[in-house]
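Following: one structure in structure tokens, then a few remarks.
Chain A is the first sequence line, chain B the second, and so forth, proteins listed ahead of strands; every chain is numbered from 1.
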Protein chains: 2
Amino acid sequence: MKSYHHGNLKQELILCACKLCEENGYETLSMRSIAKESGVSQTAPYRHFETKESLYASVAMEGFKKLSKVTSIDTSQKVTKKKLIETSVNYINFGLENANTYDLMFGTAVGDFSNYPELLDCANATYENMRLSFAKLANDSEEIIAYKCITLWSMLHGLVGILRKVAIAGVDGEPLRGPMTSASLIGDNLDLHLDKVLTGIIQN
Amino acid sequence: MKSYHHGNLKQELILCACKLCEENGYETLSMRSIAKESGVSQTAPYRHFETKESLYASVAMEGFKKLSKVTSIDTSQKVTKKKLIETSVNYINFGLENANTYDLMFGTAVGDFSNYPELLDCANATYENMRLSFAKLANDSEEIIAYKCITLWSMLHGLVGILRKVAIAGVDGEPLRGPMTSASLIGDNLDLHLDKVLTGIIQN
DNA sequence: AACCATATGTTTACAGTGTCAACATTAAAG
DNA sequence: CTTTAATGTTGACACTGTAAACATATGGTT
């Protein structure tokens with residue numbers, strides 16, 4: 001009883017792609033698989049995504065929307081270090097809980113965001129809120145604010161990468177070795193660690 | 001006049017894989033392509049690499065060896081902040097100049113390093129030198145040392161990721177937007193930035 | 001020196017992939 | 001109501017990872 005035209009295929013394909021991406025990693029996500037999952041012919045997705053990369057871009061965009069949601073600080077109210085810590089924890093948790101999507105967002109699967117303006121906007125929006133937060137926190141120059149942002153951002157990004165390796169290595173119960181041991185140490189005291197880091201950044 | 005047996009195929013395959021990986025990214029690297037490039041039948045690599053992931057592991061290992069070479073500090077001599085900065089710059093440059101290999105090393109293409117003990121050792125060796133450096137720099141507890149390591153490491157790792165996005169976005173001469181602007185700001189003053197960061201870390 | 005197990009190659013095959021071209025059906029615009 | 005553009009389908013091509021069966025050379029044991 002289904003009609004020749006789906007009606008809302010693009011949306012469903014993206015949803016499907018997001019699901020499959022997060023479940024099995026974007027490497028195993030295929031044009032054909034999302035087509036099959038959506039009950040449509042194998043090349044139908046090409047009416048909505050010029051290339052696989054552009055599908056990736058859509059998935060990444062959903063990721064950034066979600067990330068924005070959990071990390072954005074209400075800058076109309078007073079911004080505190082505590083809020084920044086909270087946000088930072090949320091950022092890291094997002095990275096850990098949406099690991100595969102996170103890869104898509106910050107990896108090389110989508111080469112140049114400026115080929116996907118909507119994606120670029122979403123990505124920038126996340127950052128913009130962070131910038132505003134720091135601006136509200138102290139009366140710094142634009143340059144200093146930017147500096148603080150990048151410092152925090154790169155730290156968070158780096159932590160996600162490292163904590164994930166810990167998570168993977170720690171799964172089978174084998175004792176952690178080398179750097180992983182220390183990393184898990186941080187993971188268990190994330191709040192404390194972030195407090196220290198943020199204190200450093202804020203004091204500049 | 002070539003004989004049936006190659007004699008040194010594994011080595012050549014790895015070399016070939018490293019080259020192709022760095023040139024076009026590991027995603028486009030195929031078992032068949034390295035076979036062809038090495039003038040050998042398409043399935044010959046399977047005599048040396050059980051799976052594609054294990055080939056990836058070998059490429060990643062070469063990467064860690066190279067990284068170790070440019071970042072290791074002579075801990076038999078006095079360790080200074082200056083040396084740590086130097087090493088940090090080298091780390092970041094490695095990440096930028098060997099971007100594709102870096103992805104392989106720190107991404108998800110090789111899932112669990114403990115499946116490749118040699119790789120794990122190489123990866124840990126890089127970290128171990130950093131640990132020793134911090135140990136030599138100040139008389140801290142193991143815990144504090146580990147903490148400092150992870151803080152620096154995640155920072156460096158994060159910076160590489162972000163500076164690369166800048167590099168990509170900045171290629172076509174378009175004005176950088178949002179976070180990229182600030183990131184490029186850091187890129188242009190890397191030494192200064194790292195000095196600040198390291199000062200913060202060392203003081204704890 | 002003859003023999004044989006093993007390591008290393010090759011050929012063939014299968015199922016899956018991204019993507020293109022040609023065609024079918026429908027919804028929207030005139 | 002007809003035409004056009006949007007959206008779907010079929011079929012094809014060249015490529016991929018990898019398994020199975022087979023070929024050849026190497027090295028150790030008699």
Between Y26(A) and N100(A), the two heavy atoms sitting closest are CD2-O, 4.1 Å
Using atom CG of N8(A) as one end and atom P of dT7(D) as the other, report the distance to the nearest whole Å.
11 Å
Minimal non-hydrogen separation, K66(A) against N98(A), with atom names:
NZ-ND2, 2.9 Å
Round to the nearest Å and state the distance from E50(A) atom CD to dG18(C) atom P.
16 Å
Kindly give the heavy-atom pair with the smallest separation between Q77(A) and K136(A), and that separation in Å.
O-CE, 3.7 Å
So, do Y56(A) and F49(A) sit near enough that their side-chain heavy atoms are less than 4.5 Å apart?
no
Nearest-Å distance, CD1 (I34(A)) to P (dT17(C))?
11 Å
Can you see if the side chain of H48(A) gets near the phosphate of dA6(D) - specifically, an N or O under 4.0 Å from OP1 or OP2?
no
Send over the distance from K36(B) NZ to dT10(C) C1', rounded to a whole Å.
16 Å
Please tell me if T51(B) has a side-chain N or O lying less than 4.0 Å from either OP1 or OP2 of dG17(D).
no
Mind checking side chain to side chain contact (heavy atoms under 4.5 Å, CB included) for L15(B) and listing every partner two or more places apart, or none if nothing turns up?
none
Tell me the interatomic distance from L29(A), atom CG, to dT16(D), atom C1', rounded to whole angstroms.
17 Å
Please tabulate the protein-to-nucleotide N/O contacts below 3.5 Å involving nucleotides 10-15 of chain D, giving atom names and distances.
{"from": "dT10(D)", "atom 1": "O4", "to": "T43(A)", "atom 2": "OG1", "distance (Å)": "2.7"}

Could you state the atom-to-atom distance from CE of M31(A) to C1' of dT17(C) in whole Å?
11 Å
Starting at CG of L20(B) and ending at C1' of dT16(D), how long is that distance when rounded to a whole Å?
15 Å
Parallel, tilted or perpendicular, as decided by the 30° and 60° cut-offs, for the rings of H193(A) and Y147(B)
perpendicular
Closest approach to the side chain of V40(A), judged atom by atom: which nucleotide of dG17(D), dT9(D), dG18(C) is it?
dT9(D)
